[in-house]
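These notes concern the structure reproduced below.
Note that ligands are numbered from 1 as they come in the structure, with each ligand's atoms numbered from 1 the same way.
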Amino acid sequence: MDVKEIQLFNTRTRTKELFRSQDPNFVRIYCCGPTVYHYAHIGNLRTYVSEDVMLRALHMAGYKFEHVMNITDVGHLVDDGDDGEDKMEKGSRREGKTAWQIAEEYTQAFFKDTERLNIIRPTVIPKATDHVQEMIALVQRLEEKGITYRTSDGIYYDTKKFPAYADFAKLDIENLEAGKRVEIGEKRNPTDFALWKFSPEEEQRQMEWDSPWGKGFPGWHIECSAMSEKYLGATLDIHWGGKDHIPVHHTNEIAQSEAANGCRFCNYWLHGAFLTEDRGKMSKSHGEFLTLQVLINKGYDPLDYRFFLLQAHYRTELKFSYEVLDSAKQGRLGLEQRFKEWQDLNASFESDAEYERLQSEFEAAILDDLNTAKGLSTLFEVVKSATLPDAAKKSLVLNFDEILGLKLAESIEQAQAGEDIPDDIAAIVLARDGARKNKNWAESDRLRDALQAADYLVADTSEGTTIKRSGKLRRDPVDE
Ligand code: AMP
Ligand code: ZN
């Protein structure tokens, strides 16, 4: 089957390019997954919503794909460099649970969030802790090539031995060299990084493994090189991540994989822009950070947040505020309302030139580097059209929603099933309203958790507790 042409902005070449996969119709995609020591903040989730639009666009263009997203459950240190505590051990101390429990709980929380945002589940979700042997083997291959060296705290990559090191991020190595004496300790070059860290003698680590170099744990960067190679081969078609990863994490992935395999690691690198707030980039190190659950508790539907994100291009920085989220919510509810008015429409219609024009305008926007902002303006042109029959509008909007993922079809199903709330759930809602009236917050929280465990989204409104079924994920396109 022929695929449609799709243009994507490639960080490697800094240009928008016509995408070509290595195998016809099939795309190998890798995305750096979450570090599961805490909840994802809504900035992290922006990166995954942006990637989701690309996956849906590839599907629309006629591709099948393998989409690997790893779970970083060891080795990511708090300073993102080679020093400091492992984020997992930090999470464990914070909550008085084992690092393994922390990893399990926050992995589940992450996928609950992505499901609520209607993000298609990856086809393979490898955990770093399940792939330590592959990582050790990869470090050994680099060692055989003479690229590594040993310090008192680990095995390091000598970036001077990879001449193209600075190219991807256009790093200014000379200026980095100038600051060398203050920063680098036993490292040979400021850009060198740990492949394997030894467990510190004074500290009992919860996550550690035997290796040819002694007990320790893998560096964060080697995880992605090892797992992407295992599931997708030496050369990826597309690699996704937030743009903060360009100068260090992705640069290091390239250095490792290309030195080990002698071929290009990835053909198309895509990077999402940041979600910001008043104090700058949204980040967990600020202490308090915004999670999807916080938005839900304030009465927003996760899809309000998705709609808010779609209004901007994925390469444009986007500033979060409740005012803009409110207007996104109004926009999405307005759309849902219009869509519900068409629910009984199964009338046939002639697909005329106007219908075709709007359909191809939307597709062209999406196939042009995923321009969802432009796609949404076509969608509103459809909704407002004075000439298109409602059945044609419904059909177009449904087509567009395959990419936008706003679950408009499900909103009709939910409206029709609206009265079908089971008695036991209705009883919990009633009990929760009672607890809130009596200011029994512990009980009201407990009952909210019970509703969420039964897969309902819970919001507190002036009328009391309102609930909505959180909905199930669509099937992955690979299986279709
Ligand atoms: P982490 O869980 O910290 O490894 O990050 C997961 C993903 O979120 C990575 O791809 C980051 O680049 C991305 N990310 C981190 N902060 C932001 C932000 N403020 N806006 C968008 N993406 C972000
Ligand atoms: Zn990675």
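- In this structure, Arg150 contributes its side chain and Trp213 its backbone to a donor-acceptor pair below 3.5 Å.
- Under a 4.0 angstrom heavy-atom cut-off, Ala273 registers as being in contact with ligand 1.
- Comparing Glu317, Lys87, Arg46, His41 by heavy-atom distance to atom 17 (C) of ligand 1, the nearest is His41.
- In terms of modelled atom types and a separation under 3.5 Å, the side chain of Asp73 and the main chain of Thr129 share a donor-acceptor contact.
- Remark: side-chain polar atoms of Gln22 are paired, donor with acceptor, to backbone N or O of Thr235 under 3.5 angstrom.
- Under a 4.0 Å heavy-atom criterion, Trp240 is not in contact with ligand 1.
- Considering backbone and side-chain N/O of Gly242, one or more are found under 3.5 Å from N/O of ligand 1.
- The Pro34 neighbourhood of ligand 1 comprises atoms 2 (O), with distances under 4.0 Å to a heavy atom of that residue.
- Among protein atoms, those of element N, O or S found less than 2.8 Å away from the Zn ion (ligand 2) are Cys32 SG, Cys224 SG, His249 NE2, Glu253 OE2.
- Closest protein heavy atom to atom 2 (O) of ligand 1: Thr35 N, 3.0 Å.
- Between Thr47 and ligand 1, at least one pair of N/O atoms sits closer than 3.5 Å.
- For Glu361, the salt bridge (charged side-chain N to carboxylate O under 4.0 Å, His left out) partners are Arg357, not counting sequence neighbours.
- Between His245 and Trp240, the distance separating the two ring centers is not shorter than 6.0 angstrom.
- At the shortest separation from atom 20 (N) of ligand 1 among protein heavy atoms lies Leu275 N, 2.9 Å.
- Tyr37 meets the ring-ring contact (aromatic ring centres under 6.0 Å, His included) test with no other residue; sequence neighbours excluded.
- Here the side chain of Arg14 pairs a donor or acceptor atom with the backbone of Thr11 at under 3.5 angstrom.
- In this structure, the side chain of Asp369 engages the main chain of Phe9 through a donor-acceptor pair within 3.5 Å.
- Atom 9 (C) of ligand 1 has His245 NE2, 3.5 Å as its closest protein atom, hydrogens excluded (heavy atom only).
- Shortest contact from atom 21 (C) of ligand 1 to any protein heavy atom: Gly43 O, 2.9 Å.
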Exercise. Test Arg116 against Asp301 for salt bridge (Lys or Arg N to Asp or Glu O under 4.0 Å), laying out the working first.
Key: CA-CA 9 Å; Arg116 287 163 161 178; Asp301 187 305; over 6 Å; no
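- In terms of N/O distances under 3.5 Å, ligand 1 is approached by Asp244.
- A heavy-atom distance below 4.5 Å is not found between the side chains of Met69 and Val124.
- Residues passing the ring-ring contact (aromatic ring centres under 6.0 Å, His included) test with Phe19 are Tyr63, Tyr268, sequence neighbours excluded.
- With no hydrogens or angles considered, a side-chain donor-acceptor pair links Asn252 and Tyr165 at under 3.5 Å.
- Using a 4.0 Å heavy-atom cutoff, His271 is absent from the residues neighbouring ligand 1.
- In terms of polar-atom proximity, defined here as any N/O pair under 3.5 Å, Cys32 makes no such contact with ligand 1.
- In this structure a side-chain-to-backbone donor-acceptor pair under 3.5 Å is missing from His76 to Thr72.
- Residue, atom and distance of the protein heavy atom nearest to atom 16 (N) of ligand 1 are Lys281 NZ, 3.3 Å.
- Relative ring orientation between His38 and Tyr106 is described as tilted, the plane-to-plane angle lying within the 30° to 60° band.
- Distances from atom 14 (N) of ligand 1 to the heavy atoms of Thr72, Asn44, Leu318, Val36 show the closest one on Asn44.
- Ligand-side atoms of ligand 1 in range of Phe274: 18 (C), 20 (N), 21 (C), range being under 4.0 angstrom from any heavy atom.
- Looking only at protein heavy atoms, the nearest one to atom 6 (C) of ligand 1 is Tyr48 OH, 3.2 Å.
- At least one N/O-N/O distance between Met282 and ligand 1 falls below 3.5 Å.
- The side-chain heavy atoms of Thr148 and Asp158, taken from C-beta on, include no pair separated by under 4.5 Å.
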